[in-house]
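Some notes on the structure that comes next.
Only this structure's heavy atoms are used, side chains among them; waters, hydrogens and symmetry mates stay out. Order of the sequence lines sets the chain letters (A, B, ...), proteins ahead of strands, with each chain counted from 1.
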Amino acid sequence: MNYWLMKSEPDVFSIDHLRKQKIGGWDGVRNYQARNFIRAMKKKDRVLFYHSNAKPSGIAGIMEIAREAYPDPTQFDPENEHYDPGSPPNAPRWSQVDVKFLKTFRKILPLDEIRDVPALQGMVLLKRGRLSVQPVTTAEWRLILRMCS
DNA sequence: GCCAACGTTGGC
DNA sequence: GCCAACGTTGGC
């Protein structure tokens, strides 16, 4: 079992949206490093749902991988804001996964609280602020779940 | 809305 | 292959 963290702006897609629809497609990732993590995800892997550009920004809950990587259709849709005319149809550049809602934390875990926890100083979230899909260690996962459950 | 960080693009 | 210009992310 691997653990991950994925970011979304709640104005666009929040954990409440996912809770209502139960399963959602995580499309629109347009960064190669993030894409490579998407492609490494396995069914049942667990994911922290992070709200970015929020008040406050932080971890809102958890989900799991419901479907492993497949081509993100929005890359071929000229009407879509994530359209990528350079993506070869026979070797699509961008992938997505489907995620399943598991739980909303009673209280969001804000970024500034994460910064205050010594055991979480190594989180990719703190070191690589702009990466929208990133791995989480087992120790980080367990601690965050303990803090938020 | 500002701006720092950083990824991508494209000229050379 | 370098690097300046530019665009995007995301905290504040």
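Heavy-atom distances under 4.0 Å link DNA chain B to A:N31, A:Y32 of residues 28-36 of chain A, given in residue order. Only at 4.0 angstrom or more do the heavy atoms of residues 107-121 of chain A sit from any atom of DNA chain B, so none qualifies.
Residues that satisfy the salt bridge (Lys or Arg N to Asp or Glu O under 4.0 Å) test with A:R19, not counting sequence neighbours, are A:D16. The ring pair (Phe, Tyr, Trp, His ring centres under 6.0 Å) test applied to A:F49 returns A:W26, A:H51, not counting sequence neighbours.
Within a 6.0 Å radius of CZ in A:R39, other residues, nucleotides and ligands contribute more than 12 heavy atoms. Within 6.0 Å of NZ in A:K43 there are 12 or fewer heavy atoms belonging to other residues, nucleotides or ligands.
The 5' end of DNA chain C is approached more closely, in terms of each residue's nearest nucleotide, by A:R130 than by the other of A:R130 and A:H51. Between A:N53 and A:R128, the residue anchored nearer the 5' end of DNA chain B, judged by the nucleotide with its closest heavy atom, is A:N53. Mapped onto DNA chain B by nearest heavy atom, A:R93 and A:K127 fall at different nucleotides, with A:K127 at the one closer to the 5' end.
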task: Apply side-chain contact (heavy atoms from CB on, under 4.5 Å) to A:Y50 and A:I59, showing your working.
output: CA-CA 4 Å; A:Y50 182 89; A:I59 300 169; 3.9 Å; yes

message: Please evaluate residues A:L102 and A:R46 with respect to the criterion side-chain contact (heavy atoms from CB on, under 4.5 Å), reporting the C-alpha separation (whole Å), side-chain torsions for both, the decisive distance (0.1 Å), and the verdict.
response: CA-CA 9 Å; A:L102 288 185; A:R46 299 275 163 118; 3.6 Å; yes

If you look only at distance, which donor and acceptor atoms sit under 3.5 Å apart when one is on a side chain in residues 69-77 of chain A and the other is two or more places apart or in another chain?
| residue | atom | partner | partner atom | Å |
| --- | --- | --- | --- | --- |
| A:Y70 | OH | A:Q96 | NE2 | 2.8 |
| A:Y70 | OH | A:D98 | OD1 | 2.6 |
| A:Y70 | OH | A:D98 | OD2 | 3.4 |
| A:D72 | OD1 | A:T74 | N | 2.9 |
| A:D72 | OD1 | A:T74 | OG1 | 2.7 |
| A:D72 | OD2 | A:G28 | N | 2.8 |
| A:D72 | OD2 | A:R30 | NH1 | 3.0 |
| A:D72 | OD2 | A:T74 | OG1 | 3.2 |
| A:T74 | OG1 | A:R30 | NH2 | 2.9 |
| A:Q75 | OE1 | A:S87 | OG | 2.7 |
| A:Q75 | OE1 | A:R93 | N | 3.2 |
| A:Q75 | OE1 | A:W94 | N | 3.0 |
| A:Q75 | NE2 | A:D72 | O | 2.8 |
| A:Q75 | NE2 | A:W94 | O | 2.8 |
| A:D77 | OD1 | A:E79 | N | 2.9 |

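Under the 4.5 Å side-chain heavy-atom criterion for Ile, Leu, Val, Met, Phe, Trp and Tyr, A:M41 and A:F101 are members of the same hydrophobic cluster.
For the salt bridge (Lys or Arg N to Asp or Glu O under 4.0 Å) test with A:E64, the passing option among A:K44, A:K42, A:K22 is A:K44; the others fail.
Between the side chain of A:Q134 and the backbone N or O of A:A34, no donor-acceptor pair lies under 3.5 Å.
The outermost nucleotides of DNA chain C lying under 4.0 Å from heavy atoms of chain A, listed 5' to 3', are C:dG7 to C:dC12.
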